[in-house]
Amino acid sequence: MTLPETEIPAAKQLLEAALLSSPEAVPMAQLRKLFEPELAADTVRRLLESLQEDWQARAVELVQVASGWRFQTRPEAQEKIARMIPEKPPRYSRAVMETLAIIAYRQPVTRGDIEEIRGVAVSTPVLRTLEARGWIEVVGHREVPGRPALYGTTPLLLDDLNLRSLQELPPLAPLGEDVVLPEAS
Amino acid sequence: MTLPETEIPAAKQLLEAALLSSPEAVPMAQLRKLFEPELAADTVRRLLESLQEDWQARAVELVQVASGWRFQTRPEAQEKIARMIPEKPPRYSRAVMETLAIIAYRQPVTRGDIEEIRGVAVSTPVLRTLEARGWIEVVGHREVPGRPALYGTTPLLLDDLNLRSLQELPPLAPLGEDVVLPEAS
Amino acid sequence: MNEAADLLEVPLAEPIAKVRGEPFVGLPQDLYIPPEALEVFLESFEGPLDLLLYLIRKNSLDILDIPMAELTRQYMEYVEAMRSRRLELAAEYLVMAAVLIEIKSRMLLPRPAAVASDEETDPRAELMRRLMEYEQMKQAALTLDELPRNGREFAAVQVWVDETLNQRLPQITARDLLEAWAQVLSRAKINQHHRITREQLSVREHMTRILRRLREQTFVVFHELFESGVTVPEAVVNFIAILELVKESLVKVSQSEAYAPLYLSLAESASELPS
């Protein structure tokens with residue numbers, strides 16, 4: 001189903017309202033359901049691209065991420081918006097971030113695999129923090145004694161990092177390369 | 001502090017981004033903090049009114065409510081948006097969940113108590129959302145000037161959480177230490 | 001290490017410890033570590049591999065040809081320092097000490113000439129592989145942490161939606177409730193910390209803000225200085241700022257008659273009240 005010229009503005013407004021009122025990225029399949037009869041994916045994509053242009057010079061932008069389309073604030077604006085909010089987004093500890101990196105780059109991995117790479121035990125709260133954030137999940141079990149859980153990353157992690165697929169993760173540094181280490185360690 | 005003509009578009013864009021990224025109404029005092037130096041309330045109000053006009057013919061509108069300003073979907077658009085049934089069930093905002101948690105664990109509490117614990121103002125819609133859901137209710141009034149309402153949780157909340165009594169709520173102690181703060185969502 | 005410390009961020013670019021007000025950014029060369037700081041130093045390492053990498057990089061050692069005697073010596077000094085101060089030593093550190101000593105002693109043994117050049121028989125091979133793999137992941141963690149993140153560098157947009165128009169109501173569990181409470185608590189801690197260090201500053205900030213406003217407006221009605229919606233601590237700081245300004249004779253408060261509105265003006269410009 002394509003769209004007559006005259007109905008384009010209303011269709012764009014509806015897409016805009018749907019995306020603005022959704023806290024998470026909206027998949028294409030859902031966006032098509034906004035219209036009766038349903039629009040072709042191509043038509044919706046063209047409308048989205050046109051909407052993207054309309055928002056180009058604003059402090060909010062329309063982006064495509066792993067699980068669909070979403071409006072988000074631009075970083076320059078976000079810095080100023082943060083002034084209004086008394087709390088700062090806290091940072092994750094190194095244990096949490098290293099565990100996340102291992103799961104992201106080596107998935108699927110068991111807790112034992114993570115401990116082997118880090119050389120220390122992985123505490124339960126570290127995994128629970130990542131699960132509660134919706135960034136990792138159990139994707140299966142390794143068929144060895146004890147059937148340990150295998151962890152993988154979720155589409156939400158990609159969404160939250162503005163990525164469309166795991167291929168877009170930053171490439172790993174070559175093994176053994178002398179990286180700039182933070183002062184303390 | 002007033003604003004030179006040339007800075008008006010950028011100021012409006014920043015207000016727009018701040019309001020679009022907040023599901024709850026933003027009080028004037030907070031909006032003023034977006035600017036450095038802070039703008040006068042009058043200046044901000046004029047910018048907001050101009051923004052309101054820009055959005056007049058859209059499916060989302062800028063409105064002023066008791067606790068501040070917010071963008072919201074127009075009811076006609078909302079009906080159509082409801083057609084695209086989300087795959088994931090909707091979630092309550094952080095403000096709603098934290099308010100509920102405080103009432104559940106510290107009841108009976110006044111709105112002032114909640115604000116003191118959260119460190120930010122509690123907007124009326126937050127309390128109304130919880131009341132409409134039947135999870136909290138006014139259980140009395142504190143005998144101090146103004147006789148503020150005391151909130152408590154209802155048996156329905158316990159039913160919905162599959163608990164038989166408030167004693168079955170998860171204990172507070174261990175988590176306060178362990179949990180790494182998830183970032184604002 | 002306790003679990004809370006395991007999760008708490010030690011900002012890497014900042015001094016990791018302060019001893020008698022002096023910031024310590026790196027470990028001193030001679031390995032003298034003030035006892036008060038040792039524990040903090042050690043907690044900044046994520047385990048024995050992290051400590052070894054630190055020693056290798058600090059001494060510009062070649063990770064592909066590690067001088068085992070030197071590395072083991074330095075590592076053992078740390079372990080001994082920890083033990084002598086009765087710090088709780090994670091088992092992993094002791095296991096690694098044993099591994100290092102074993103590698104060192106195997107290297108002292110003569111190897112058959114035929115396989116001496118074969119890398120696989122290098123007693124250090126496994127350790128070097130682990131160090132490199134960990135270093136790679138450590139770097140990846142830093143890079144991931146720097147990626148723009150939802151809720152930090154940008155925020156997903158969501159406007160108000162009337163709940164009554166939503167057909168599906170959000171479901172919650174008791175666990176969600178507990179997590180929300182934990183968020184409140186931990187934020188309360190952050191804010192508390194904030195208040196201790198910033199209190200004086202924020203009074204000064206409010207003083208400046210009020211002065212700036214008076215410069216533009218000449219007269220300001222007292223209650224206009226308190227926007228509705230400000231938090232109680234903010235209002236209090238604001239009020240203290242006004243008192244401070246009056247005390248320092250920067251601002252005058254005037255009233256034309258009893259119960260009339262209070263006006264604030266700059267001390268130097270105060271002449272007559274607006275009618």
Side-chain angles (χ1 to χ4, degrees), chain A residues 19-25 60 70-75 77-79 81 86-102 104-106 116-121 123-126 129 132 159-163 169-170 172-179 181-185, chain C residues 3 6-16 25-26 41 44-51 53-54 57 63-64 90 92 96 128-130 132-145 147-161 179 186-187 190-191 194 231:
Chain A
L19 288 163
L20 286 175
S21 57
S22 166
E24 276 134 27
V60 163
R70 146 185 99 196
F71 275 107
Q72 64 188 37
T73 55
R74 289 181 200 273
Q78 190 58 33
E79 263 174 50
I81 293 172
E87 73 248 35
K88 287 202 177 68
R91 294 182 297 175
Y92 290 110
S93 68
R94 275 182 59 197
V96 170
M97 287 311 293
E98 289 180 5
T99 302
L100 178 64
I102 293 168
Y105 286 97
R106 295 273 183 264
E116 165 69 20
I117 295 176
R118 296 194 63 229
V120 283
S123 74
T124 304
V126 166
T129 297
D159 288 355
D160 280 353
L161 298 179
N162 252 346
L163 306 175
L169 279 174
L172 287 173
L175 274 179
E177 181 152 293
D178 191 357
V179 289
L181 289 181
E183 296 264 336
S185 49
Chain C
E3 290 185 337
D6 208 16
L7 291 173
L8 284 175
E9 169 82 359
V10 178
L12 292 173
E14 290 159 32
I16 57 177
V25 174
F41 277 135
S44 77
F45 291 110
E46 288 291 316
L49 289 176
D50 199 21
L51 173 55
L53 273 178
Y54 168 78
R57 295 311 183 192
I63 199 167
L64 296 171
E92 292 97 345
M96 181 57 75
M128 294 186 305
R129 184 195 63 76
R130 288 189 67 191
M132 286 191 294
E133 181 166 28
Y134 173 64
E135 187 170 49
Q136 188 182 45
M137 283 301 141
K138 182 178 159 165
Q139 177 63 32
L142 289 174
T143 314
L144 271 189
D145 206 17
L147 287 183
R149 188 189 298 169
N150 192 3
R152 197 177 61 182
E153 278 79 14
F154 62 89
V157 158
Q158 191 197 2
V159 303
W160 170 264
V161 177
E179 262 156 26
S186 14
R187 199 176 50 240
I190 291 173
N191 288 344
H194 206 64
T231 62

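Basis for what follows: all heavy atoms, side chains included, without hydrogens, waters or symmetry-related copies. Chain letters run A, B, ... following the sequence lines, proteins first, then strands; residues in each count from 1.
Per-residue heavy-atom pair counts under 4.5 Å with chain C were compared for Leu169(A), Leu161(A), Leu163(A), and the maximum is reached by Leu161(A).
Only the side chain of Pro170(A) comes within less than 4.5 Å of a heavy atom of chain C; its backbone N, CA, C and O stay farther away. Neither the backbone nor the side chain of Ile81(A) has a heavy atom closer than 4.5 Å to any heavy atom of chain C.
In this structure Leu172(A) satisfies the side chain to side chain contact (heavy atoms under 4.5 Å, CB included) test together with Tyr105(A), Arg106(A), Gln136(C), Met137(C), Ala140(C), sequence neighbours excluded. Listed by chain and number, the residues in a side chain to side chain contact (heavy atoms under 4.5 Å, CB included) with Met97(A) are Tyr92(A), Leu100(A), Ala141(C), Leu144(C), Asp145(C), Arg149(C) (sequence neighbours excluded).
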Evaluation steps, side chain to side chain contact (heavy atoms under 4.5 Å, CB included), between Lys138(C) and Arg94(A): CA-CA 8 Å; Lys138(C) 182 178 159 165; Arg94(A) 275 182 59 197; 3.6 Å; yes

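Taking every heavy atom of both residues into account, Pro23(A) and Ala156(C) meet most closely at O-CB, 3.8 Å. The two residues Arg130(C) and Glu116(A) make their nearest non-hydrogen contact at NH2-O, 3.1 Å. Counting all heavy atoms, side chain and backbone alike, Thr73(A) lies closest to Val157(C) at N-CG2, 4.3 Å.
Within the model, atoms CD1 of Ile102(A) and CD of Glu133(C) stand 8.0 Å from one another, a figure rounded to the nearest 0.5 Å. Taking CD from Glu98(A) and CG from Asp50(C), the interatomic distance works out to 6.5 Å, rounded to the nearest 0.5 Å. Note that CZ of Arg74(A) and CZ of Phe154(C) are 12.5 Å apart. Values are rounded to the nearest 0.5 Å.
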